[in-house]
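Working notes, structure below.
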Amino acid sequence: MEASSEPLLRLRDLSTDIALRRGTVHALDHVNLEVNQGETLGIVGESGSGKTMTVLSVMGLLPTGGSVVGGEILFDGRDLRTMPAPELRRVRGVEMGMVFQDPLTSLNPTMRIGAQVAEPLRVHQGVSKAEARERAVEILRRVGMPRPDKIVDDYPHQLSGGMRQRVVIAMALIRSPRLLIADEPTTALDVTTQRQILELIDDLREEFRMAVILVTHDLGVIAGRADRVAVMYAGRVVETATTTELFRAPRHRYTEALMRALPESAADGRLYSIPGLPPDLSRPLTGCRFAPRCRFATDECRTTDVALTGDGHKFACLHPVAEPVPITVSTGHHRAAATSAADPILTVRDLVKEYDAGGAGLRRTAGRVSAVAGVSFDVKPGETLGIVGESGCGKSTVGRLVAGLEPATGGQIIVDGTDIATLDRRARHHMHRKVQLMFQDSYAAMNPRMRIDSILTEPLEIQQVGDAAARRARVSELLDQVGLPRRALERYPHEFSGGQLQRIGLARSLALRPRLIVADEPVSALDVSVQAQVLNLMRDLQGELGLSYVFISHDLSVVDYMADRIGVMYLGKLVEMGPAHQVVRAPRHPYTQALLDAVPSPDPGRTPSPDTTIRGELPSALNPPTGCRFRTRCPLAQDVCATEPVLEGGPHQVACHFPLRQEAPAA
Amino acid sequence: MTAPHEEEAPVRGMWRQGFEVFCENRLALVGVALFVLLAAFSFLGPLFYQTDQVHTDLTKVFLTPGTDGHPLGTDGVGYDQLGRLMLGGQTSIVVGLAAGLLATVVGTIWGAIAGFAGSWVDAVMMRVVDAMMSIPALFLFMLMASIVTPTVPMLIVIIGAFAWLGPARLVRGEALTLRTREYVMAMRGMGGTGGRAVRRHIIPNAIGTVIVNATFQVADAILYVAYLSFLGLGVPPPAANWGGMLSDGLSDTFSGHWWLLYPPGIAIILIVLAFNFIGDGLRDVFEVRLRRR
């Protein structure tokens with residue numbers, strides 16, 4: 001046994017380069033980190049900060065052209081870089097396990113779950129087929145898989161995202177590794193599933209006394225789960241501390257800025273956003289790498305290389321934060337209520353959308369998927385309605401129906417006083433001017449072969465607005481509104497960063513001067529600092545142009561920041577609807593409560609109450625439960641829940657037989 | 001950070017930008033030069049180097065290059081080989097280019113519409129393609145040739161009439177995946193029609209495949225003319241084409257008449273190469289994602 005003071009994994013001055021055709025990216029620059037047995041180290045940073053490169057360097061999984069060029073990777077006191085290849089393979093294969101972000105692509109779709117989980121055993125320990133299967137069942141049971149003896153014979157596509165991630169974890173654990181590396185293990189999952197997976201990793205760490213490295217961009221995930229945190233920026237560790245210490249009193253200006261950019265800390269009704277973009281790591285950099293984006297930077301910051309200083313709580317900053325940054329979970333900014341007397345710009349009545357379920361050819365009558373089942377709401381001019389729910393709840397379908405991309409199966413959609421189902425072709429074509437869509441992934445939503453000028457003129461051409469000169473003028477105006485330089489016009493979508501693309505996407509939605517924009521997860525693909533820029537921009541433009549938004553998101557904190565009112569959807573139905581601050585702070589539906597509790601809070605002191613945790617999976621929309629659709633997972637469900645509850649109440653409505661609390665008296 | 005003078009420069013037009021990218025590809029310029037050279041040789045050459053390509057002269061058959069003022073010798077019926085190469089180039093270039101373009105344009109539009117529309121429209125349109133593919137091309141040629149006297153425009157139509165099947169299938173496959181892209185959905189959200197989707201989104205995104213295929217189409221068309229001539233179904237003598245000259249030359253391989261084989265062979269290789277290089281350059285223009293900045 002080694003001395004307990006020696007960390008299990010220690011990175012000493014680790015530098016990694018990635019050789020590209022156009023020069024070399026210095027992805028990691030003298031990274032120092034350590035993880036002890038039984039400890040969880042969180043690595044947090046934005047995309048491109050080098051957090052994933054760090055763990056890939058350890059695992060030897062660097063992309064083509066990548067190589068470790070300096071430093072040591074000490075595992076159990078021995079340097080992996082000088083270890084002979086067979087030994088290295090054994091250490092990486094048996095003593096380390098890795099969980100990747102996307103559980104769909106990290107499983108082989110043509111292999112049965114059992115064979116896949118037990119593969120490392122067969123490779124490294126040469127156990128028999130029968131024994132491997134037995135061990136696979138056992139480990140699947142350990143990771144909380146229902147009916148593991150049946151699931152071993154299934155294929156990955158038969159499982160849900162959360163289940164797949166459990167399989168990936170089981171695969172990593174079957175060799176009883178001493179170090180588990182989880183790279184964004186829950187980013188692709190819903191909040192309620194995320195909570196289950198994070199709890200699972202926590203339990204397993206205690207049970208196996210593993211060391212865990214948890215890589216994530218989400219400060220909330222780190223706060224609840226990690227013992228120590230390392231904050232990375234532009235290939236360097238800029239701050240390390242214990243989790244409580246870091247969240248109580250961050251010292252580095254970048255950490256501070258990250259925390260202030262969280263939607264949760266928008267106390268004064270506006271988010272702090274970090275200006276600019278991270279530096280290009282293929283160029284030589286001097287001084288503090290955050291200096292160009294830092295409010296407190298001085299000339300000294302730009303010229304001197306700042307090293308990590310301090311013991312215990314280390315940070316690399318010349319002008320550290322002196323006062324603690326409290327993450328005040330905001331008490332609800334009462335936004336000036338929209339003129340409630342005005343006629344609604346959008347009214348949706350009993351909206352229904354069903355799809356034919358699969359079954360090609362002769363077996364066409366396989367059933368119908370009920371994606372949206374009787375949803376009603378309205379949106380007033382200048383108002384933002386937030387719609388939240390997990391994936392598969394029908395929120396995006398509602399957005400597409402409202403934007404007129406698909407015909408509804410039943411119900412009415414009334415835009416500005418006219419029912420869009422009754423419109424003839426011409427009028428419907430014209431209707432698109434009033435309602436526009438903003439996409440989650442603007443890159444996918446833009447033709448990669450069109451320049452930005454063509455992309456922005458396209459809506460004007462389709463709707464035949466103005467002549468060529470007028471269109472050019474309008475496009476320039478739009479670029480100014482979203483804060484992009486004129487040069488952007490002759491570039492192509494792939495040349496922009498995610499945040500810039502989202503601005504262009506917003507500009508395109510604005511081109512026709514719509515009254516309502518349906519924004520489907522507009523910031524979920526963005527980093528926190530960039531997310532803040534886009535959210536602020538959306539709100540500024542709303543004030544300027546009197547827009548209404550239907551803001552669809554799975555992220556409650558973002559919706560809370562943006563919306564005046566929030567609707568919560570579950571399996572095609574609205575279960576709760578009310579003013580944003582009431583829904584978030586005094587939810588009435590058990591599902592809303594569960595959703596809120598599952599959101600990882602960036603406040604390490606807050607632990608969610610375990611009794612509201614919802615277990616299991618979202619039921620299939622092919623045969624949804626009768627009555628209240630949430631009753632199969634609801635902790636409060638009783639027999640009466642088999643009859644359908646009605647969405648009722650004053651401004652704060654709920655569809656539940658046993659609401660958690662009475663409606664707050666009207667203020 | 002962009003340099004200030006760059007900010008002030010006017011936004012370049014799309015054609016201008018595309019032209020600049022094309023010119024950055026050296027091989028594409030070589031391709032253009034090669035094509036211009038071959039075209040000039042075929043069409044302008046006869047103005048400077050006049051030969052009799054109508055009357056046979058059986059006293060001067062199989063003259064070796066250089067004799068009697070025939071730089072490339074003469075063929076089996078006494079035509080001057082260099083002059084014949086020029087004449088043959090005219091037919092080959094015109095038929096190859098026109099038939100290749102016709103096939104590509106028709107095939108691309110057909111495939112894009114079928115793939116984008118989907119359901120029964122796709123089924124009907126693609127069954128038409130399958131049915132035509134199942135008829136042997138040669139059989140079709142012979143039938144056509146026996147009905148009509150082959151002329152150059154006729155050849156173009158005949159070759160084009162079945163060569164479009166390949167591109168149609170290729171583009172339809174592309175269109176099937178392209179139509180589900182979010183940018184097509186975004187366009188429909190603006191009120192755009194199916195026609196616009198095909199025109200502005202499906203075809204431009206399938207263009208990489210189309211262009212590469214088109215360069216082969218041109219080369220193929222030149223060779224088809226050769227097959228037809230070989231069967232005696234091509235443009236009747238004294239008209240000539242490179243493919244026909246090549247197949248004639250093949251029968252002389254063992255008689256040592258190399259000047260009848262290599263010149264048309266090399267000419268075909270050069271023109272095919274030229275189109276491939278040009279296609280490569282065009283792909284650079286359309287594949288904006290590969291552009292360097």
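Here is how names work: the chains are called A, B, and so on, in the same order as the sequence lines, proteins then strands, and each is numbered from 1.
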**Prompt:** CD1 of A:I345 to NZ of A:K434: how many Å apart, nearest 0.5 Å?
**Reply:** 7.0 Å
**Prompt:** Do the charged groups of A:D453 and A:R491 touch, with an N to O distance under 4.0 Å?
**Reply:** no
**Asked** Where on A:V435 is there a heavy atom nearer than 4.5 Å to chain B: the side chain, the backbone, both, or neither?
**Response** backbone
**Message:** I'd like to know if B:R200 and A:E461 make a salt bridge, using a cut-off of under 4.0 Å between side-chain N and carboxylate O.
**Reply:** yes
**Asked** Heavy-atom distance under 4.5 Å to chain B: side chain of A:R433, backbone, both or neither?
**Response** neither
**Prompt:** What part of A:R428 is in contact with chain B, defined as an atom under 4.5 angstrom from a non-hydrogen atom: side chain, backbone, both or neither?
**Reply:** neither
**Proximity breakdown for A:Q436 and chain B, heavy-atom pairs closer than 4.5 Å** = side chain
**Message:** Are B:I271 and B:W242 packed together at the side-chain level, in the sense that at least one heavy-atom pair is separated by less than 4.5 angstrom?
**Reply:** yes
**Carboxylate-amine/guanidinium contact A:D480 A:R486, below 4.0 Å** = yes
**Message:** So for B:R196, is it side chain, backbone, both, or neither that comes closer than 4.5 Å to the heavy atoms of chain A?
**Reply:** side chain
**Fill in**
Okay, B:I207 and chain A: the region with an atom under 4.5 Å from a heavy atom over there is side chain
